[in-house]
Amino acid sequence: MTNNVQYNRKLGIFLIIIASMFTAIGQLLWKLSNGSFNIMLIIGFLLYGFGAIFMILAFKYERVSLLHPFLSLGYVISIALGFFLLNEAVSFTKLIGTAVITVGVLLVGGHDD
């Protein structure tokens with residue numbers, strides 16, 4: 001089986017980061033809905049769905065092995081959203097974990113091979 005796909009790394013990375021943002025914000029809105037069926041829950045599901053669509057589009061433009069680690073940026077975004085919008089505490093351990101995730105993503109996606 002031959003693979004004649006033309007990759008576009010920058011576009012693929014951009015789309016997967018947007019996907020991570022949409023899914024993290026969607027999950028935040030689920031949290032803010034307090035388990036009730038309301039507008040926050042509906043918008044959260046829509047954003048999560050848009051995240052899935054952007055993920056599918058991203059995989060069209062770059063290899064899964066390069067892009068999939070970028071989805072872990074959703075954890076970084078979620079920690080930031082929790083801290084800034086929900087006043088959640090961020091421990092030193094969480095900061096170290098967030099830094100490790102960020103460095104890992106840069107190591108996987110920041111080079112040409």
Side-chain angles (χ1 to χ4, degrees):
M1 181 168 95
T2 59
N3 188 356
N4 294 327
V5 176
Q6 289 291 324
Y7 292 124
N8 183 335
R9 178 176 298 233
K10 288 181 183 178
L11 181 57
I13 290 172
F14 174 75
L15 292 171
I16 206 76
I17 291 172
I18 297 298
S20 294
M21 289 175 33
F22 274 143
T23 57
I25 294 169
Q27 291 170 356
L28 172 71
L29 292 177
W30 295 348
K31 167 74 174 169
L32 294 175
S33 76
N34 290 319
S36 300
F37 187 78
N38 56 33
I39 192 70
M40 295 288 234
L41 184 71
I42 294 168
I43 294 171
F45 274 115
L46 287 172
L47 289 177
Y48 199 83
F50 286 138
I53 291 168
F54 275 85
M55 188 184 319
I56 292 165
L57 290 173
F59 290 145
K60 177 180 177 182
Y61 293 105
E62 187 51 80
R63 298 177 314 251
V64 172
S65 61
L66 183 129
L67 290 181
H68 204 276
F70 278 87
L71 291 175
S72 63
L73 290 176
Y75 296 113
V76 175
I77 295 165
S78 293
I79 289 172
L81 291 173
F83 178 77
F84 289 112
L85 300 178
L86 302 175
N87 296 316
E88 294 179 352
V90 177
S91 67
F92 181 72
T93 305
K94 284 184 183 176
L95 286 175
I96 295 297
T98 302
V100 169
I101 289 170
T102 304
V103 168
V105 168
L106 291 172
L107 288 173
V108 170
H111 61 84
D112 292 327
D113 45 31

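Nothing fancy with the numbering, it's 1 onward along the sequence. What you see below is based on every heavy atom in this structure, not just the backbone, and it leaves out hydrogens, waters and symmetry mates.
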So, for [X] and [Y], which heavy atoms are closest and what is the spacing to 0.1 Å?
X: Tyr61; Y: Leu15; answer: CD1-CD1, 3.8 Å
X: Ala19; Y: Gly51; answer: CB-O, 3.2 Å
X: Ile77; Y: Ala24; answer: CG2-CB, 3.6 Å
X: Pro69; Y: Leu66; answer: CD-O, 3.3 Å

Beyond-backbone contact of [X] with [Y], side-chain heavy atoms, under 4.5 angstrom:
X: Leu28; Y: Leu86; value: yes
X: Ile16; Y: Phe54; value: no
X: Leu41; Y: Leu29; value: no
X: Ile42; Y: Phe37; value: yes
X: His68; Y: Glu62; value: no

Roughly how far, to the nearest 0.5 Å, is [atom2] of [Y] from [atom1] of [X]?
X: Phe92; Y: Leu95; atom1: CZ; atom2: CG; value: 7.5 Å
X: Phe70; Y: Leu106; atom1: CZ; atom2: CG; value: 7.0 Å
X: Leu57; Y: Ile18; atom1: CG; atom2: CD1; value: 11.5 Å
X: Ile13; Y: Asn8; atom1: CD1; atom2: CG; value: 9.5 Å
X: Ile39; Y: Leu46; atom1: CD1; atom2: CG; value: 8.5 Å
X: Lys60; Y: Leu67; atom1: NZ; atom2: CG; value: 14.0 Å

Examine [X] and [Y] and state if one hydrophobic cluster contains both, with Ile, Leu, Val, Met, Phe, Trp and Tyr joined whenever side-chain heavy atoms are less than 4.5 Å apart.
X: Phe84; Y: Leu47; value: no
X: Leu73; Y: Phe59; value: yes
X: Leu11; Y: Ile17; value: yes
X: Val64; Y: Ile53; value: yes
X: Phe83; Y: Leu81; value: no

Legend entry - Side-chain donor or acceptor of Asn38 paired with backbone N/O of Met40 under 3.5 Å: yes
Legend entry - Donor-acceptor pair, side chain of Ser78 and main chain of Tyr75, under 3.5 angstrom: no
Legend entry - Whether Phe50 and Phe22 hold their rings parallel, tilted or perpendicular, with breakpoints at 30° and 60°: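 Ring orientation of Phe50 relative to Phe22: tilted.
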